[in-house]
Number of protein chains: 2
Amino acid sequence: MSRTAPRGPYKPGRIRQKSEQRILSAATAAFAQHGFTGASMQSIADAASVPKANVHYYFKNKLGVYTAVLENILGLWDTVLNDLTINDDPAIALCRYIDAKIDFSRTHPEESRVFAKEMLSGAPHLQEFLEADYGQWLDARLTIFRAWIDAGKMDAIDPAHLLFMIWGSTQHYADFAPQVKQSLHAEILQQAHFDAAAKTVKQVILKGCGLAIASP
Amino acid sequence: MSRTAPRGPYKPGRIRQKSEQRILSAATAAFAQHGFTGASMQSIADAASVPKANVHYYFKNKLGVYTAVLENILGLWDTVLNDLTINDDPAIALCRYIDAKIDFSRTHPEESRVFAKEMLSGAPHLQEFLEADYGQWLDARLTIFRAWIDAGKMDAIDPAHLLFMIWGSTQHYADFAPQVKQSLHAEILQQAHFDAAAKTVKQVILKGCGLAIASP
DNA sequence: ACAAATCTTGTCTATTTGGTCAAGTTTTTA
DNA sequence: TAAAAACTTGACCAAATAGACAAGATTTGT
């Protein structure tokens with residue numbers, strides 16, 4: 001019982017996991033701010049406090065780092081609307097989704113920015129994802145929305161465009177942060193700002209869809 | 001009357017104006033796709049069909065090109081809401097604004113992307129604009145919105161967040177084009193897609209604000 | 001027509017950057 | 001504890017790139 005350091009048992013890959021995490025975190029910030037070409041391996045290494053050669057030990061090359069960052073982001077893809085059924089209340093579902101999206105902009109702004117920059121560049125590294133996972137996910141959600149409309153549970157609103165509205169409105173708070181800060185006269189965006197944002201988006205979207213505000 | 005070429009009289013700067021325009025246009029596309037660092041002077045020159053040294057003849061350096069691109073974009077800033085007064089009908093004003101914004105995404109997607117990337121990078125070259133022109137423009141608009149609300153012309157909705165919703169929703173069609181294309185199963189976005197987008201956004205925003213759809 | 005201004009372009013250079021490598025150090029396993 | 005595996009690191013290199021520059025060509029004003 002002489003060990004005081006509260007670390008788990010040594011295993012191959014334990015150091016790897018931690019180092020990769022550090023590098024990935026630094027890379028996410030770098031890519032978010034400077035883009036793929038603008039973020040240098042040296043700057044990523046410095047931000048992660050490791051020698052540059054170390055980055056190349058854990059990742060094949062710069063594209064490897066970038067791909068890992070992107071995959072990590074896709075892993076954060078929200079699951080709020082995943083188990084949606086026709087029997088769900090659209091008001092509650094939309095509220096939950098908007099809250100989750102706003103919360104993502106607050107807690108993962110840099111991931112949101114990397115994703116946005118990739119989109120702006122034409123999403124060359126997301127084609128596979130868009131055509132496979134995302135395409136399926138979306139089509140299933142659209143089906144539910146249409147069923148809600150057919151059942152008279154909400155106004156007849158094009159579901160795809162409605163989702164774009166929610167995405168655009170919520171991602172705005174991460175992606176256009178400088179503009180938002182200036183508009184709200186805030187040095188940094190506080191929880192209260194995000195709460196107000198979520199409230200407004202829910203208010204407009206729900207009423208705009210012919211739904212009453214849901215409590216939970 | 002022997003001149004057949006329909007060109008105006010020669011003046012110093014006539015060539016300059018044309019060349020700068022070509023370069024600026026090529027640079028906009030390059031910056032939109034590859035970002036500031038990723039777009040090389042050589043690629044810009046090639047796209048503009050001029051030798052690279054020629055780009056340096058017309059612009060001081062790369063930052064000079066980029067600044068010119070940004071200023072050109074700010075010059076396209078919409079004027080739809082400029083002459084807004086308390087006596088205007090909010091429904092008509094919002095409709096016009098949404099239409100104009102969607103139309104901008106359709107006709108100037110690359111300019112929208114350059115602007116978005118600059119925002120994502122923290123807007124280092126837009127601070128001045130945000131604090132001066134934009135700040136004033138916005139505050140004046142917000143005042144009108146609040147007056148409308150106080151007059152009972154529309155629901156009590158935070159005007160700043162409402163504008164964010166409109167911006168986010170409309171810019172989405174230029175900035176997240178790959179995702180939109182995939183969602184709509186469209187190779188390229190047609191006029192009809194933008195019409196549907198505008199219709200949905202107007203439908204949701206107006207009703208969400210407690211306004212009836214306006215005809216003009 | 002002629003001089004001055006404007007414009008064009010090939011070439012050269014200093015710097016940055018992604019990536020390699022081999023020699024060392026630490027951690028794990030047996 | 002000793003060999004093996006995993007990890008660290010400084011030094012080095014080839015390629016790409018922003019920018020400078022000078023000489024030449026074209027256009028403009030007189």
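Atom-to-atom, CD of A/Gln17 to P of D/dA6 comes out at 16 Å; the value is rounded to the nearest Å. If you measure from atom NE2 of A/His34 to atom P of C/dT16, you get 15 Å, rounded to the nearest angstrom. Between A/Asn54 atom CG and C/dT20 atom P the separation is 15 Å, expressed in whole Å. Note: CD1 (B/Ile15) to P (D/dT27) measures 6 Å, nearest angstrom. Between B/Tyr58 atom OH and D/dG19 atom C1' the separation is 18 Å, expressed in whole Å. A straight line from NZ of B/Lys18 to C1' of D/dT27 spans 13 Å, rounded to a whole angstrom. Between the P atom of D/dA16 and the CG atom of B/Asp46 lies a distance of 14 Å, rounded to the nearest Å. In this structure, B/Arg14 places its CZ atom 11 Å from P of D/dG29, rounding to the nearest Å.
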Atom pairs, N/O to N/O, protein against nucleotides 17-19 of chain C, distance under 3.5 Å?
{"unit_1": "C/dG18", "atom_1": "OP1", "unit_2": "A/Lys62", "atom_2": "NZ", "d": "2.8"}
{"unit_1": "C/dG18", "atom_1": "OP2", "unit_2": "A/Met41", "atom_2": "N", "d": "2.9"}
{"unit_1": "C/dG18", "atom_1": "N7", "unit_2": "A/Lys52", "atom_2": "NZ", "d": "3.1"}
{"unit_1": "C/dG19", "atom_1": "OP2", "unit_2": "A/Lys62", "atom_2": "N", "d": "2.7"}
{"unit_1": "C/dG19", "atom_1": "N7", "unit_2": "A/Lys52", "atom_2": "NZ", "d": "2.9"}
{"unit_1": "C/dG19", "atom_1": "O6", "unit_2": "A/Lys52", "atom_2": "NZ", "d": "2.7"}

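Checked against D/dC7, D/dT9, C/dT8, the side chain of A/Pro51 finds its nearest nucleotide in D/dT9. Out of D/dT8, D/dC21, C/dT8, the shortest distance to the side chain of B/Ala53 is found at D/dC21.
Taking CG of B/Leu163 as the reference point, atom OG of A/Ser183 lies at 8.0 Å (rounded to 0.5 Å).
Between B/Tyr57 and C/dT8 there is no side-chain polar atom (N or O) within less than 4.0 angstrom of OP1 or OP2. Applying the 4.0 Å criterion to OP1 and OP2 of D/dC7, one finds that A/Arg16 has a side-chain N or O inside that range.
Within the 4.5 Å cutoff, no side-chain heavy atoms of B/Glu118 are placed close to those of B/Phe36.
For the pair B/Arg141 and B/Trp137, the distance from NZ or CZ to the six-membered ring centre is under 6.0 Å and the angle to the ring normal is within 45 degrees.
Applying the ring-ring contact (aromatic ring centres under 6.0 Å, His included) rule to B/Tyr57 yields no partners; only residues at least two apart in sequence or on another chain are considered.
Taking 4.0 Å as the cut-off between side-chain N and carboxylate O, A/Asp103 and A/Arg106 count as a salt-bridged pair.
A donor-acceptor contact closer than 3.5 angstrom links the side chains of B/Ser112 and B/Asp175.
A distance of 6.0 Å or more separates the ring centres of A/His108 and A/Phe115.
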